[in-house]
Every structure is written in C-alpha cells, then in structure tokens.
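Structure, as structure tokens:
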Amino acid sequence: PAPSFPSLPSSLPPSLPFSLPSSQRAHPYITVLGSDHPLDVAMTVVVTGAAGRLGLGTALALRRAGRRVVGLDRPGTQSCPAAAQLDAFHTCDLAGDAQATVAKLQEVFAGADIVVHCAAWPGPSASPPPAVSRSGRACADVGIGLEDTSPVALLRDNMAMTAAVCDAAVASKVKRVVFSSSGFAVGWSHAGPGVQGFVPSSLPIDESHAPRPFESYGLSKAAGEAVLDTAARTALETSFVSLRFPNIIKREKWDSVPWAPPTTEKPLPFLMWAYAHEDDVIDAHVAAATLGDVAAAPGSHEVYIIAAPDTRFDIPTIELLARFVDTEKVDIRLSGRSSILSSAKTIGRLGIRPRSWADDAATAQLASPSKGGVAALEARLDPQLEHFSLDGFELESGITLGPGATLAYRVYGAPPNRSTGRGLILHPTSFDAVHIEVDEEIGPGKMLDSTKHCVVVVNMLGNGVSFSPSTSPTYPHARSSYPPRITVADNVRAQAAALQARFGGASSDCQGAAKRQRTSSNDVKLSLIYGYSMGALQALEWAVRFPDCVERVAAVCGAAQCAPINDCFLLSLEAALCADATWCQGTHGGSGFFQTTPHKGLKAFARIYSGWGVGAKWYEEEAFKRFGFSSAEQFVRDSYEAGFARSDADDMLAQIQTWRAADVSREHGGDLAAALGRIRAQTVYIPCDGDRYFTVAAARREAALIGPRLARVATLESPLGHRAGDPWRRPGAENEASFIRDEVRRLLEGST
C-alpha cells in the first residue's frame, strides 16, 4: 500500500524564519559558522514527500532561501499545491519495484546538489507489537494519530524508500542527503515508561544515545539512519545528515500546550514528553541542506536532535520522572522543566534554537545569541552548571575582572562530609576541553566514584564556558579587551574561592576571596585533585599554593611548569592561527582578535598539533590502523582537523597564554625545588613514554624534587603519546584507560 499523507492546509504556511535576510534571522550561529562554508546558493534541491505538510513546508522555505527546488511524491499528487509552486515536480512510487524506483530517482536527481528525504509513513502503526497488545499495557491515548497500516507494511515501505533514495542519490553524485528521521527511533513505545516501555539509562538523551526501537516506525527510522551510516563509509564525496525530532506541534495548534501531565492511571509514551514546533523542524531541514561542512563533512553522517528546551508539561521533569521510574537507576542531569532530549548540538552546529511553549527566563536565555566552540556552546546549556562570580577578582597582572566574569563548574554527587569519609575531588579541565567532555569516568562505581566522593569539574578560564573571549557580549572584538594573560595561578585562586564559597561556608564576596586565596588559608580540604595535561598544571599549582588543603594529586601527562620544548610547541600553534588573514592585530598593547572564523589557521593549527599530540610510534608503526584509521592522512583529517574546526580560535589563544605562563616556581624566585618542596600531598605522576611535550624525564625530575616519600612515577607505555592521558572516549585505548584507572584507585586507597 502507498503511504498516506496528511491533508494540506487551505492556505500556504506563513513566512518562516528562513524567508528573512541573514542579517534578520534569529539564528546568529548560522552567520558565524554557516556563511563561511555554505553549499552553493544556486543549488538544486530535491525534496521527497513534497505533497506532505513537512515536505511542502521545507520545499517552500528552501525556495524562499533562493534555491531551485524540485518536488517528488507518490503518483496522484501531480495537482497538489506543491506542483505549481516549485520549479519542477515529479511522481514516483518510492515503495514500489526497487529497480524501477532507483532508475526513476536517478533521472530526478540528475544535476541535483541536495536531496531532502521526507517521504514516509509519518508515524507509528495503530497496531502495537503483539506482546504489548496481549499484556494490556498499551496506552489508551498516545497523544497523536497513528497510521492505519500494519507494522510490517510500515517497516517495509519506510526502509525501502530510504534505501532507494540513498542509493540513487549517491549514484547521481549528490553532495548531501538529509534524512527526516525521528526522535521515536530512540525508543518510542505504545506503552508508557516501565515494563514494555522505554526507560533511558541517562538523561537528557543526546545524539550519542544509540537507538532502541520498541515498534516498527522507530525501527524503520533507526534502520534508515543505518542505511546512511553504511553509505557514508564508501560515498566519500557525499555527506549525510539525519534529523531526529519528536512529535511536531503544528503552528495553528501551538496554543494547545502545555498538556495535563500523565499519571500512572493515564500514562503517555515517554518520548511524547518531548515536542517541537513545526517551524523549528522545517528550519532544521533547511539548515541541514544549506550549511556546508559545518553540518556534515563529505564522507560523514551526522545526527541532530531538534526538540523544545522543555517538556510539554508545566511540572518539574524530575518530579514527573519519579512517578514512573526509579530515579536512582537513571543518571539524571536535568533541572526544572528541562526536556528529556538535548538539542545542544543542533544549536551549536545548525544554529537552530527550538522554541518553548513558555515565555520564561530560562527560554529567553536559551534564545540569546552565543559564540564559542561547539563543545562550549553545548556545555553552557548544562542545566546543572553553576557559576561563581569573579566580579572584583584581581589577577596576578593587577587587572581586576568586572561584572559578568564567572567561573563555571559542575558538581557530581552529594556534598562532601568528612565525618562520614565522603571527600571532595577536584577535576580541572584541560586545553580546549569543557566539563561535559571529561566526565566519562565520574559516576557510581567509576574511577571518580560520585557515591563515595563529591566530584567537582571546573572549567578553566578561557575555555568558552568560564570567563573567556567568546563569552563577552562584544565578541569577536572582546579579545582586544580580554586580559593579555590569565595564569594557572589565577585559575587556582579563583577555584579556591569558588570551593570555599560553595563548601566552606565562607562569604562569596569575590574581592575578599581573591585576597584570601593568595595565602594557604582555606577551609576546604581536597581528597584528590585529578588533572590531565593543563589540568595537571592546575593540580600541581594547587598542591604548591595550598599544601595543607590537598591530600592527593594525580598528574596525568602533565607537569608543574611549561618546559622550553613545550613553549616552542605552543608558539608554533599560536603562529599558525595568527597567520590567518582574519587575524586583527591588537594596538596599544591590547590583544588581537579574529574577525571571522580562521578556517585556514585552524587547519594549520590542527596539522601542527597532529605531529605533537601523539607519539612517534603512532606514525612509524602505523598504530593508527588499530584505532580505525586507514591512513595517517585520514587520521589527521578526521581527528585533528575535524576536531579543531569546531573550536573557537580566540578562546584557544587565551588558553595558550595561560599554558605558556604555567610555573609553580613563579612566587619562589624561580626555584622549582623550593616550590615543589612545599607539597604535602601523596602525588602520582602518570606520564606517557611517547609524550612529546610533557615528558617522562620531566615527571621523574619533579617527583624527585617532591621526594620519594610523597611522589612516585607510573609510566604509561602507548603510541598515543600525550593523548594516552585522555583515553576515555577513544575506542582502542582500553589498555591506557585501565592503567590510569588502576593508578588513581591505588592512590585513593592509599596503597603503594
């Protein structure tokens, strides 16, 4: 049976955001990232399902954006409104004979640049899975209309359509395929949360959560994404984007939310708690089609979630969760009415900020323009993020920070309680890292066990989450007024003030705290400071500056100062960035800044870093092949270039200045032995034998100055070099992860 399509509105949709000039759009990040690498403005886009509401809305928005749009839908739709309003219109039974369908699609796709695939059975079957029907657990009202077709037919048709469209697009050398997937692929079910219903292991759900379909529609969308994944492995000139969105609220029904919250007597499928405005979903399709490498690089498949920032209920999400699931068994990182789905990647990469039914302060904050690296943008949206004001904080340079400057941190687990043995662990971030990227080993039963300790991850100043060039309202010109150099010691003093205010019961007056934290007086006791790379620089600064406050230090691929070879490496990175034509040199002693994203500078930066960030054996012995890379070139391109392309150059320059100035002996007349001699913490250095700039020799030299009673060196052998100290999200680095985990646990347990 041919898929059914919703009836078209009697009048055309109102003007959408993408009908506006770029200067008037409410999506500022598109201007920052997208305009640097847009796909051809004169492109031809084919939209399948163009007679349906979503397909037509997307097609018309693309036309308003200046694209040539070709519509495609099932036979019998030739006289639909879309046929007259688009540049061309074709019909084809996408679920018909496979060979004939692909041949027809190749005719339609000839000369096309982009294919946006919206055609599908648009929702779950009215027939629940047999076991759910027998159990009687299916919701009496799932909140949406269901499709009057069998689950088998729905699955067959949707999968066949997506496979045919994908194959024909690749054969026709289309540059990008945008797949209208669904948030339901994550785990929508006919039953409410619980038995036979979807219950996530952690919240919010982001793109890293693997689909867990509970019925045929979600399975058809998950399978469609798998089709694109498969194609991306060989179609190296085509990029692929999948858009996952929950139930769409039509613009004329926007006033129907909020809904009455579900109850145990009248449950609602879990994914129905999330929602999205029709125009936001359309805008996401347009952005996915028109943005260049920002949305997806050739040969890659990117997935994006588009959902409102809250649920459709006027009730705290955690309170609602408690009605249906054991919240102790779910890793929940939500506050207020926060959505169960995270759109942070969509906000950062596509520039789309989904709207909410509520016009409150939280939504207004989400809608405000933001600049910075992609990871930093996502981290700023963490509802559990806390900020300590640095208004009045005096830096070592004598500069006093003003209103708006904050230190951002995240607390994992209950507060410390020394009387019960519950300690406090501090984990500072490293270069170009934010707190959500370093929390892999934090949680129940993990290396930094949040059931035994309170763990605080603090964002380093300059990283795009704490006070940074990119957090200023005058960005990108903010770096011209950003302090020329914020030191590691400045970071540590600010961290001490924040922890004292948060856990020590002291006043949060920052000016007073800044003066107090120049001494070793601090009521807060740290069971452990765990630091990797620049995090280790901060950890050792802590141990020297506040020797009575730090019990243990784990310095992973790091040291107490920036060595000459390290400084040489950093200067080369700085030179590569600032050689870009977008660099504007500062005057009268002020810092310079980048007028726009320095793509060439970032690429050169990444190329240099790729020669330092891993060990020589990585290339000499082709160790990269064990980690899934076919060649050194692919590794550099897909790992370093792709990674730093998403970073903020001004923020990285600020962090480089902090790194270069790192030296615990600064306040001790340059006497490193005198400085390290102040340390009273049990300290383990975990260098890697292949690290090019934080060397094993330096670790051994510093450990000797601390003394064998307190310090030891555990050398990690790995071709990963410096990267070996950050193995947590690197498939293939399990041995490195196990080594670090064992050494840290040994340190915490007090064994030698």
Side-chain angles (χ1 to χ4, degrees), residues 379 384-388 390 406-418 421-431 433-443 446-461 463 465-466 488-504 506 513 517 520-558 560 658 662 664 679-686 725-726 740 743-745 747-748:
Q384 303 299 322
L385 193 65
E386 299 182 40
H387 291 270
F388 175 73
L390 295 177
T406 69
L407 186 74
Y409 61 93
R410 167 78 185 270
V411 178
Y412 299 79
N417 186 338
R418 297 190 70 82
R422 183 176 179 79
L424 179 62
I425 294 177
L426 181 65
H427 185 347
T429 59
S430 55
F431 178 74
V434 297
H435 69 280
I436 59 174
E437 294 178 304
V438 302
D439 63 358
E440 186 74 14
E441 277 299 301
I442 300 173
K446 295 188 175 183
M447 182 179 73
L448 304 182
D449 193 334
S450 57
T451 64
K452 298 179 180 179
H453 306 275
C454 175
V455 184
V456 177
V457 180
V458 61
N459 288 279
M460 184 170 59
L461 296 170
N463 80 335
V465 184
S466 288
V488 169
D490 289 329
N491 274 273
V492 169
R493 290 191 304 109
Q495 292 165 17
L499 293 180
Q500 183 75 7
R502 181 68 163 78
F503 300 109
Q517 301 313 327
S520 60
S521 175
N522 194 326
D523 295 335
V524 174
K525 304 296 182 183
L526 295 173
S527 300
L528 169 70
I529 307 180
Y530 176 89
Y532 160 67
S533 191
M534 283 192 78
L537 291 171
Q538 296 167 73
L540 290 162
E541 178 72 37
W542 257 98
V544 169
R545 184 171 292 270
F546 305 122
D548 295 331
C549 303
V550 183
E551 296 178 351
R552 302 173 188 84
V553 170
V556 183
C557 292
T658 298
V664 297
I679 292 179
R680 299 178 186 176
Q682 291 292 327
T683 304
V684 58
Y685 283 83
I686 308 178
D726 180 30
I740 295 171
E743 289 298 332
V744 172
R745 286 175 175 165
L747 178 65
L748 283 169

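This chain uses plain numbering: 1 for the first residue, then up along the sequence.
For the atom pair CD (Glu551) and NZ (Lys525), the distance works out to 8.5 Å, reported to the nearest 0.5 Å. The structure places CG of Asp439 at 10.5 Å from OG of Ser450, a figure rounded to the nearest 0.5 Å. Note that the CD atom of Gln495 and the CD1 atom of Ile529 stand 8.0 Å from one another [nearest 0.5 Å]. Atoms CG and NE2, on Asn417 and His453 in that order, are 13.0 Å from each other to the nearest 0.5 Å. Residue Leu747 holds its CG atom at 7.5 Å from CD of Gln682, rounded to the nearest 0.5 Å. A distance of 8.5 Å separates CD1 of Ile686 from SG of Cys557, quoted to the nearest 0.5 Å.
Taking 4.5 Å as the limit, some side-chain heavy atom of Ser466 sits within range of a side-chain heavy atom of Leu461. Side chains of Leu540 and Val544 form no contact here, defined as non-hydrogen atoms less than 4.5 Å apart. With contacts defined as side-chain heavy-atom distances shorter than 4.5 Å, the pair Leu528/Leu448 qualifies. Between Arg552 and Ser527 there is a side-chain heavy-atom pair separated by less than 4.5 Å. Between Val553 and Val684, every side-chain heavy-atom pair lies at or beyond the 4.5 Å cut-off. Under the 4.5 Å side-chain criterion, counting only non-hydrogen atoms from C-beta, Leu526 is in contact with Trp542. Considering only heavy atoms from C-beta on, Tyr530 stays 4.5 Å or farther from Leu426 through its side chain.
No side-chain donor-acceptor contact under 3.5 Å links Thr658 to the backbone of Val488. Using modelled atom types, no side-chain atom of Glu441 and backbone atom of Lys446 make a donor-acceptor pair closer than 3.5 Å. For the pair Arg422 (side chain) and Pro416 (backbone), a donor-acceptor distance under 3.5 Å is absent.
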May I have the step-by-step check of side-chain contact (heavy atoms from CB on, under 4.5 Å) for His427 and Val438, ending in yes or no? CA-CA 9 Å; His427 185 347; Val438 302; 4.0 Å; yes
Take Ile425 and Val456 through the test side-chain contact (heavy atoms from CB on, under 4.5 Å) and record every step on the way to the result. CA-CA 6 Å; Ile425 294 177; Val456 177; over 6 Å; no
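Qualifying side-chain hydrogen bond (donor to acceptor under 3.5 Å, both in side chains) partners for Asn459, counting only residues two or more places apart in sequence or in other chains: His435, Asn463. For Asp449, there are no salt bridge (charged side-chain N to carboxylate O under 4.0 Å, His left out) partners at least two apart in sequence or on another chain. The salt bridge (charged side-chain N to carboxylate O under 4.0 Å, His left out) search around Glu437 returns none, not counting sequence neighbours. Checked against side-chain hydrogen bond (donor to acceptor under 3.5 Å, both in side chains), Ser430 has no partners two or more places apart in sequence or in another chain. Listed by chain and number, the residues in a salt bridge (charged side-chain N to carboxylate O under 4.0 Å, His left out) with Arg680 are Asp548 (sequence neighbours excluded). Every residue meeting the side-chain hydrogen bond (donor to acceptor under 3.5 Å, both in side chains) condition with Glu386, not counting sequence neighbours, appears here in chain and number order: Tyr409, Arg502.
In terms of heavy-atom proximity, Phe503 sits nearest to Cys454 at CZ-SG, 3.9 Å.
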